[in-house]
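Everything on this sheet refers to the single structure shown next.
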Amino acid sequence: MVNQGPDVSDLDDLPEQMRIRREKLDRLRAEGVDPYPVGFARTTTLNQLREDFPDLEPDASTGIEVGIVGRVILRRDGGKLCFATLRDGSGDLQVMLPIDTVGEDRLKAWKTDVDIGDHVGIIGEVVCSRRGELSVKASSWVITSKCLRPLPEKFKGLTDPEARVRQRYVDLIVRPEAREMLQMRATAVASVRNSLTTRGFVEVETPMLQAIHGGANARPFTTHINAYDMELFLRIAPELYLKRLLVGGIEKVFEINRNFRNEGADSSHNPEFTMLEMYQAYGDYNSMRELTQQVIHEAALAVHGDLLVRHRDDDGQVTEYDISGDWPVIPINRGISAALGEELTADTEADQLRTWCDSADITLDPGWGRGQIVLEMYEHLLESRTTAPTFYTDFPTEVSPLTRQHREDPRLAERWDLVAFGSEVGTAYSELIDPVEQRARLTAQSLLATGGDVEAMALDEDFLRALEFAMPPAGGQGMGIDRLLMMLTGRSIRETVLFPLVRPE
RNA sequence: GCGCCGUUAGCUCAAUUGGCAGAGCAGCUGGCUCUUAACCAGCGGGUUCGGGGUUCGAGUCCCUGACGGCGCACCA
């Protein structure tokens, strides 16, 4: 359990350090100092100063006065000269407060009033210390926001993964990697958007509240709309709405938005997650594969500057993986056969598959059909063992209800899964556009639903009506943005997502 | 859901066989005009996750509950 500190209403019960900070706050107010002023006349940022003065000689002065702000993260007080390290949104910089320029009273006040964690504003001259550290030499300073809680230990920071997630604000203050992750995610998302819009794709937003949940196999969250007094679902996928747009004549379309799935949360699953889905009229799963590889290459380039994906473990050890070039494309029957040492084809009977699963230690549900068994074998024998990005193709049709049948073998579906580092990053289909066939497949799914399969899709009559107006041949792709970040950085979903779901305290 | 590990000061972590609950950072007091994880001296700070039990004595052993991490299962 993360310690939240006791009820702040009773001063006497506060931990010593919080009580002292409260008392300082009261004393400052009594002295007429506003510990939370409206603002400060900042003239530059800390990183801008580093860029403007890249190689000042030690002990140099510039005569240039600046106004800077920042949070005090380290302090080194002397008798007549104090140093502190400030951190603003751009970076860190040292300030120095000599008694000559700030005056005796204000230097004393700095030592007694300012705590690590406080926001301060400094006016002073850009200088370089005798030891060669770019600094601002203060002539005056002011508290811009008083911090009432002590920050974590200055070297190790927050190590408890739960505390990092629950108090992400503290994590961001003290841990550079947390700020880097936020930046990398923003960069990757911007890159994906840019990759698609420059190729003529248009971004849309489709409903998150849906009367019928479809487009994937997953348990939904349910909610209730008072106005209609009816049950609604948080979407598990935007797929069926994006396909309606293809019917409507929007030929290249994508959405980057949240999906919700009422399933377990672990190091690679969050109940709400961000999904890219894109559709291209007259594309197919091959064109989507090429496009996906380009989009990810461009995202990696944006994030890392090259196509070397860097995974850093907790010890700071960095491992690089080259993801350049064309990624392997492996039909799953071939891949499973290779892993198994047996010849698996679309003709292999389910009983034979069960025998192989037994010897491969893969647990099966007795109710599963042939397609589900193949899928299970794929997940155990291929997906979990795959490191380098790989496209696995041609899944069984019966477990791909929205995918068109393979042009050479109707028992297979024109679908691929992109796998990297043991987990699925995305999937794509040559979309099923035949409304009669689609109705038959969805009906079969609904029958599974009434048979107790809670994840089976419901029958979306309006979607079928849309298909009956004729949807052009199309390729469609879905990719988890959180998963993309995991692939690019090697971190868990609880680090790529700023505020993953945690149990309320 | 199952298994393993964990929860000790604001933070990061110790505590031998069951024997006075400690250190570093942070805090407080004092010193220091070039420090930079500043340094030096002194001081304060604990519901050892909650509940129950065994024992002369429990952070430590037993039972139980909560929360978390990892693995398995399910999923993207």
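Proteins get letters first, then strands, A, B, ... in listed order; numbering begins at 1 in each.
For the pair A:Glu379 and A:Asp100, nearest-nucleotide mapping onto RNA chain B gives the more 5' position to A:Asp100. Annotation: of the two residues near RNA chain B, A:Glu16 and A:Arg503, the 5′-most nearest-nucleotide partner is A:Glu16.
Taking 4.0 angstrom as the limit, A:Lys80 places a side-chain polar atom (N or O) nearer than this to OP1 or OP2 of B:U33. For the pair A:Arg219 and B:C74, the criterion of a side-chain N or O lying under 4.0 Å from OP1 or OP2 is not met. A:Arg21 has no side-chain polar atom (N or O) that falls below the 4.0 Å cut-off from OP1 or OP2 of B:G27. Between A:Thr159 and the phosphate of B:C13, there is a side-chain N or O to OP1/OP2 separation shorter than 4.0 Å. Regarding contacts with the backbone of B:C28, a side-chain N or O of A:Lys24 is found under 4.0 angstrom from either OP1 or OP2. For A:Lys154, a side-chain nitrogen or oxygen approaches OP1 or OP2 of B:A26 to under 4.0 Å.
Closest to the A:Phe83 side chain, of the nucleotides B:G69, B:U12, B:C34, is B:C34. Across B:A76, B:C11, B:G68, the shortest atom-to-atom separation from the side chain of A:Phe273 is found for B:A76. Proximity note for A:Arg483 (side chain, C-beta onward) versus B:A76, B:C67, B:G10: the nearest is B:A76. Here the side chain of A:Pro161 is nearest to one of B:U12, B:G69, B:A26, namely B:G69. If you check B:A37, B:G10, B:U12 against the side chain of A:Phe155, the one that comes closest is B:A37. The side chain of A:His380 sits closest to B:C74 out of B:C34, B:A26, B:C74. Listed nucleotides B:A37, B:C11, B:C34 differ in distance to A:Leu81; the shortest reach to its side chain belongs to B:C34. For A:Glu424, counting side-chain heavy atoms from C-beta on, the closest listed nucleotide (B:C11, B:G68, B:A76) is B:A76. Taking the side chain of A:Lys156 as heavy atoms from C-beta on, and the options B:U12, B:C28, B:C74, the nearest nucleotide is B:U12.
The pairing partner recorded for B:G59 is none, the criterion being a Watson-Crick or G-U wobble arrangement whose two distances lie under 3.5 angstrom. Across all strands shown, the partner of B:C5 is B:G68, judged by Watson-Crick or G-U wobble contacts whose two distances both fall under 3.5 Å. Within the shown strands, B:C28 is the pairing partner of B:G42 under the Watson-Crick or G-U definition, both distances less than 3.5 Å. Across all strands shown, B:U12 pairs with B:A23; the Watson-Crick or G-U wobble distances both stay below 3.5 Å.
Between the CZ atom of A:Arg235 and the P atom of B:A76 there is a distance of 16 Å, given to the nearest Å. Distance, A:Leu97 CG to B:U33 C1': 12 Å, rounded to whole Å. Spacing between atom CG of A:Asp113 and atom C1' of B:C28 amounts to 15 Å, rounded to whole angstrom units. Computed from coordinates, the A:Gln167 CD to B:G10 P distance equals 13 Å when rounded to whole Å. Look at CZ on A:Arg149: it is 21 Å from P on B:G45, rounded to the nearest Å. Atom pair A:Asp77:CG and B:G30:C1' shows a separation of 13 Å (rounding to whole Å applied).
Contacts of A:Glu277 with the nucleic acid, taken as non-hydrogen atoms under 4.0 Å apart, are absent. Across all strands shown, A:Leu158 has heavy atoms under 4.0 Å from sugar-phosphate atoms exclusively, and none from any base.
When all heavy atoms are compared, the tightest approach of A:Arg441 to A:Ser400 is NH1-O, 2.9 Å.
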Discussion item. Show, in sequence, the C-alpha distance, side-chain angles and deciding distance for A:Arg19 and A:Glu23, and conclude whether the salt bridge (charged side-chain N to carboxylate O under 4.0 Å, His left out) test is met.
Written reply: CA-CA 6 Å; A:Arg19 183 175 46 75; A:Glu23 287 165 0; 3.3 Å; yes
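A:Leu375 contributes atom CG, which lies 10.0 Å from atom CD of A:Glu398 (distance to the nearest 0.5 angstrom).
A:Thr390 pairs by the side chain to side chain donor-acceptor pair (under 3.5 Å) definition with nothing, not counting sequence neighbours. The salt bridge (Lys or Arg N to Asp or Glu O under 4.0 Å) search around A:Glu255 returns A:Arg235, not counting sequence neighbours.
Residue-to-nucleotide contacts include a donor-acceptor pair under 3.5 Å from the side chain of A:Gln17 to the base of B:A26.
A:Arg21 has its side chain out of reach of A:Arg149: every pair of non-hydrogen atoms, C-beta onward, lies at least 4.5 Å apart.
For A:Tyr321 and A:Phe421, the ring centers are positioned less than 6.0 Å apart.
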